[in-house]
Engineer: 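Before I ask anything, here is the structure I am working with.
Per chain, numbering begins at 1; letters A, B, ... match sequence-line order.
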Amino acid sequence: MLDQIISTFETGSGFWNPLVWLTALVIAFLIIYILRGFGKREYKKGTDQTQAFLSGNPEYEKDKMHVKANNVYWGFTESLKSVYNFFDKMHTGNVSDYVLWFVIIMGILFLIFGVI
Amino acid sequence: MSKRNFAAVIFFTIVAVFLFFTALMMHPFGIFDDNNQPEMDDRIIDNSQTETGANNAVTGVVFDYRGFDTLGEATVLFTAVAGVILVFRRLKK
Amino acid sequence: MSGMSKIVKTIASLAFPFVMIYGLYIIAHGHLTPGGGFQGGAIVASGAAMILVAYGSVWTMGKVKEKHLSTLESTGAIVFIGTAILGLLFAGVFFNNFLFDSNLIFNIVPTGGSTVGILNSAGTLPIMNFAVGLKVVAGLFAIVLVMAYATTKMGGNEK
Amino acid sequence: MIPLANPVPYIAVIGLVLVGLFAVVFKRNLIKIVIGITIIESGVNLFLITLGYRENSIAPIYTSSPGGLMSLPVPQALTLTSIVIGVAVLALMISFIVHIYRHYNTLDASKIRGDEE
Amino acid sequence: MNDILSILVNHSPALIVAVPLFGAFLTPLVGMINDKLRNVFVIFITLLTGFFAVILVNEVFTNGIKTYCFGAENPSVNPVVRIFFEVDGMSAFMALIAVILPIVAVIYSWGFAKEETGQSKYYTLILLMTAGILGMVLTGDMFNFFVFLEITSISSAALVAFWTNKKNSVQAAFKYIVISSIGALMVLFAIAIFYGQYNALNMAVIANSIGFGFLDKIALVVLIAALTMKAAIAPMHMWLPDAYSGAPSPVTVVIVGTTLASLYGVFRVVFTIYGKQFLTILRSFGDFAVTPSLIIGVFIVVLAVLTMIIGVFMALKSNNFKRMIGYAAVAEIGYMILAVGSAISTYFIPTGTTTVTMAEHGKMALTGGIFHMINDALDIGLLFLVAGAVYYATKETSLNKLGGLSRKMKYTTVFFLIGLFAVSGLPPMNGFASKLIIYQSTYQVNPVLAIVAILCSIMLLAVFVKVFHSAFLGPEISSIKNVKEVPRSMLIAMGILAALIIFFGLFPEFVITNIVEPAKNALLNSSEYISAILGGV
C-alpha cells in the first residue's frame, strides 16, 4: 500500500515524483538559508534605511501607493489591443448572440459531416 | 444588414437545410415495416396489464416502466417551485 | 389587484367545485382512462388559478400561504419517493410495484384485453398518481400565487 | 432513396424548431425569446408524439377498448414528462424576466449586460 | 453486518440519487423547525450520499460495471423496457467529483449564508443539484439523462439568481437558463431521432445498434453542439463567466460540477454511443482515411485551443475577482478537451495506419484529461471559495477596490496561494501532475498544441499573480479597514479542498492508478458497456 502511494509516476515520455522534488526543494532552501547567513548585518530598524525613496519626493498615502488591478499588465493589454478588441466584440453579453454561436457551431459541424 | 445578422442568416440556412433533410429521412409517418418494428412498445402494450395491472398503458409506462423518469419530472416541478419562491422571497434590508 | 367584479367572483366560486371534482376524477382514474396525476393536478391547479384571478392575489394570499403550499408539495413528493423506497424495502428493488398482485389494496389483476376498468387495481400506481396530483396542484398553484403576489407588490411606479 | 411517403408531420416539427430558433436568435425582446424557446419545445414534443403514431391504431388504453392495433405508449409518456419540464422552465424564466425588468427597466436583450467589475 | 453492507452496495446506484432527493423534499419541512437542525440535516444528507458514492465506487473499481434496473428484479433485456443505471469507471469517477463538491459547499454555506433569507430553499436546491449531477453521470438511459440535465439546469439557474437584488445575478441566471434549456431541448431532439430509428432509449442498446447514416450524423452533431454548449467550450462559453460570477460562491462550486457533468455527457456520447462507428471510413484519399474519430478529434482540439486562448486572455483583462476565475475555469476546460481530443484523433485510427507508440500517447493524453477534470473541480472550487470569503469579509469583488487582505485574513491567503499554485500548474500541486501529462502526450501528437498549452498555463499564473498582488498584498485600504477572518465553517470547507489538492499533488501515481485508470479504460471499451446490459450479445 505504502509503496504504491509513494511510487514514481510515469507519463510515457518522462516521470514525476513530487516527493523527490520536495526533497530537492528543501535541500535547495537549506543551501539558500546558509548562504543568507553569510550576508551583511548592517540593516537597522527605525533609521532612514527603511524609508521608501521616491527620487526625493515625499511618499504618498498608503492607499495611493498600491497599484490597482486595472493598471497591472497595462502594457500587455495595450500592445495586444487588436486582439482584445476582437475578443470584446465577441463577448457582447447578448443572449441571442450566445445562441447564435451555438447555431454557428452546429452549422459548421453539419457542413463538415455533410461534405465528407 | 449588419455583419452579425448576415452570418446568422447564412448559418441559420445551413442548419435549416440539414434539419429539413432530417425530416425527409425519418421513417415514414405512422408506418412500421418489417425491419422497423417497435419491439419495446409492443412488449409494453402486450404486458402492461399483466405486469403493472394498469389498463392505461401510458400510465403503466409513466409510473411503472419509466417511473424513475416521473420521479425526475416531479423533481423538476419541485425545483421550479422552490426556485420561483426563492427568487420572489423577501430580502432582508 | 383587488379582484374582479362580483359577477366574475360568483361564477368562479360556483365553477370551482366542478373543476375540482373533474380534476380529482382524472387523478383517481389515471390508471384506467386517459389522464393521471399530472393532468388532473393541472386541472385542479387551473381551477385554483381561476379563483386567484377572480379574487385577486392579496385576498388569496390571506387565505393560503405559500408556506402551506410548499409543505403540501413536499408531502406529495415524499409520498411519491417514499412509495418507491417502500418498493425497495418490501420487494428488493427501487420503484418496484410491490402492491401489485399482493394481498393489500389495489391488488386486482385485470384480465387481459379490453375490460371494464377496476379502480382497485394497478398496485402502487394509484398512490403515485395521487402523490403526483397533490404535488402538481400545490406546485403549480404556488408558482402562480407567488408570481401574482410578487408582481402586485412590485407593480406601479416602484423601480 | 429518400422515402417521401408522408413527411409532412416531420416537416412541421422542423418548421416549429426553426421558427423557435429564429425567434431566439433574431428577436430582441426577452419575452419573445422565451416564446421562441416554448415554440422549440412544442416542436420537439410534436416530434416525440409523431414518432408514436401507428396507422389505424387506437389509444393504448384497455378500458372498454374496441380492440385492434394500439399506438406506441412510450412517446406519450416522454411527451408528458417533457411538457411538465417545459412548464417548470417557463415559470423560472418568466420570474427572471420580472426581476430583470425591475433592475434594467427594459426588455431589450442587447441592453441586458452584466457589470464588468 | 456484511449482509447489510452487501445489500447497500447492491442498491447504492438507486440510493445515491434517492438520498439527496429525499433530503431535498424533507429540507423545507425540517427548516420550519430550526435553522441549525436543518443545516446539520443537510450536511448529514450530503455525507450519506458521499458514503454511498464511496461504496459504489469501490464496488465498481473492484468488480467492474454495475447495472441497476428500476422496478424489476429480473428485467427483460430483449427489448430493454425499463430504466437502467449503468455505472462504469467513468461514471464512478464523475460520481466522486459530484459528491465532494456539495459536501464542501454546504459546510461553507453554514457560515456564508447565515445572514440570508430563504435558506431552506437554498439548501433544497443545492441538494437537488447534487441529485441531478449524480443522476446525469450514473444513468444508462438517454431520456433519463435529459431529465436529470433539466433538474441540474433549473436548480442551478434558480441558485444563480439567489441575490435577486443584484442585477448581475439575475441577468446571468436568465442567460444561463436560456442556454441550458435550448441545449436540453436539442438533446431531446437527438433522443427523439434515436427513438424513431432504433425504438430504444437505453444507451447500451442504441450503442449496439447504431450505424453511421444521415440521421445518426445529425443526432451526433446536435448532441455534440448542445452538450459542448452546456460544458462551456468556446465559442459557446460566454454564459459561464456570467453565471459563475453572479452566483454565490458555494453555489458556483456545485455549478462547476454541473459543467463537468455536461462534459461527461459529451464523452459518453462520443466514446460509448458512437464508439462502435469510430472507425467507419467515410472517405479515403489514397492512404489517408477520414474517419468520424478523426473529424471529431480534430474539431475538439481546435475548439480546445480556442477555449484556452480566449479563457486566459479574457481572464487577464478582467478586473472582477469572480469573473476572472470564471474565465480561468473556461481555460481549464480547454485543457481537458485538448487532451481528450488528441486522444480521440490518435487512439481511434484504422489498424495499420497508426503506430503503437502513438496510440499509447493517445491513451496517456486521455488519462491526463480525465485526471484534470477532478483537479479542475478542486482548484476552481477552492479559488471560488476564496473569492467568496473575500466577498464575505469585504462585500466587494472588484479587484480595483481590494488590497492588503493578507494582513487580516491569514488563512484565506494561504488557501488562495494553494489554489494559485494548483490552477497554474506549479509543482507540487495536483494541477502540475495532470498538466505535465497533457503537455508531454500532446507534444507527441503535435508540438504546437503543447506549446500553446504551456503558454496558456504561464498566462494563468500571471492572471492569479495579479489577483494576489492587488487583493492580498499592498497596504491596507482605508475603505475596507474592518476586515475580519471568515467564520470557521468556511475555513474548514476551504481546508478540505486544499488538503485534497495537496494530497492529489503529492501522490499522483496513487490517484491515477486507483481512480483515473478505470475511468480511462471504461471510456475506451464501449463494448464492455454494451455487454453489461445486453449480456454478451
Side-chain angles (χ1 to χ4, degrees), chain C residues 31 37-38 64-102 122-125 127-128 130-132 134-136 138-143 145-147 149-151 153-154 158-159, chain E residues 3-4 6-8 10-33 38 41 45 52 67-75 81-85 117-118 120-121 123-125 127-128 131 135 138-139 141 144 151 154 158 161 164-165 167 170:
Chain C
H31 53 297
F38 284 103
V64 192
K65 285 275 181 305
E66 84 211 42
K67 214 198 245 171
H68 306 148
L69 289 174
S70 184
T71 315
L72 213 59
E73 206 203 353
S74 280
T75 318
I78 288 170
V79 170
F80 189 37
I81 197 171
T83 321
I85 291 177
L86 283 182
L88 175 67
L89 293 182
F90 286 130
V93 183
F94 197 65
F95 255 104
N96 197 305
N97 196 341
F98 66 98
L99 282 176
F100 171 69
D101 210 3
S102 68
T124 53
L125 266 58
I127 298 175
M128 287 183 173
F130 266 105
V132 168
L134 187 64
K135 232 186 90 57
V136 172
L140 289 184
F141 187 47
I143 290 178
L145 180 62
V146 168
M147 281 170 87
Y149 187 69
T151 42
K153 284 254 142 170
M154 287 169 193
E158 198 192 336
K159 297 270 163 79
Chain E
D3 269 8
I4 295 175
S6 76
I7 289 173
L8 284 183
N10 246 337
H11 293 290
S12 53
L15 287 172
I16 196 175
V17 179
V19 166
L21 277 184
F22 194 73
F25 297 150
L26 219 53
T27 307
L29 303 182
V30 178
M32 283 175 189
I33 305 169
R38 180 204 51 222
F41 174 74
I45 288 287
F52 283 123
T67 59
Y68 189 88
C69 174
F70 287 93
E73 255 170 309
N74 301 310
V81 284
R82 290 179 184 273
I83 293 175
F84 275 88
F85 262 24
T117 52
S120 289
K121 296 291 173 203
Y123 284 113
T124 308
L125 287 169
L127 285 179
L128 287 171
L138 298 182
T139 188
D141 191 280
N144 208 234
I151 292 178
I154 293 177
T164 45
N165 52 346
K167 61 181 188 180
V170 181

Engineer: Output the distance between atom CD1 (C/I78) and atom CG (E/L29), rounded to the nearest 0.5 Å.
Structural biologist: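 Result: 5.0 Å between the selected atoms.
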Engineer: In terms of heavy-atom contacts, does CD1 of E/I4 have more than 12 from other residues, nucleotides or ligands at under 6.0 Å?
Structural biologist: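 For E/I4, atom CD1 is not crowded (no more than 12 foreign heavy atoms under 6.0 Å).
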Engineer: By ring pair (Phe, Tyr, Trp, His ring centres under 6.0 Å), which residues pair with C/F38, not counting sequence neighbours?
Structural biologist: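 By the ring pair (Phe, Tyr, Trp, His ring centres under 6.0 Å) rule, C/F38 matches no residue at all.
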Engineer: Quick one: donor-acceptor pairs between chain C and chain E, under 3.5 Å, side chains and backbone, table format.
Structural biologist:
unit_1 : atom_1 : unit_2 : atom_2 : d
C/S70  : OG     : E/K121 : NZ     : 2.7
C/S74  : OG     : E/F25  : O      : 3.1
C/G92  : O      : E/H11  : NE2    : 3.2
C/F94  : N      : E/Y68  : OH     : 3.0
C/F94  : O      : E/G71  : N      : 2.9

Engineer: Pick one of side chain, backbone, both or neither for E/I7, based on which atoms fall under 4.5 Å of a heavy atom in chain C.
Structural biologist: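 No part of E/I7 comes within 4.5 Å of chain C.
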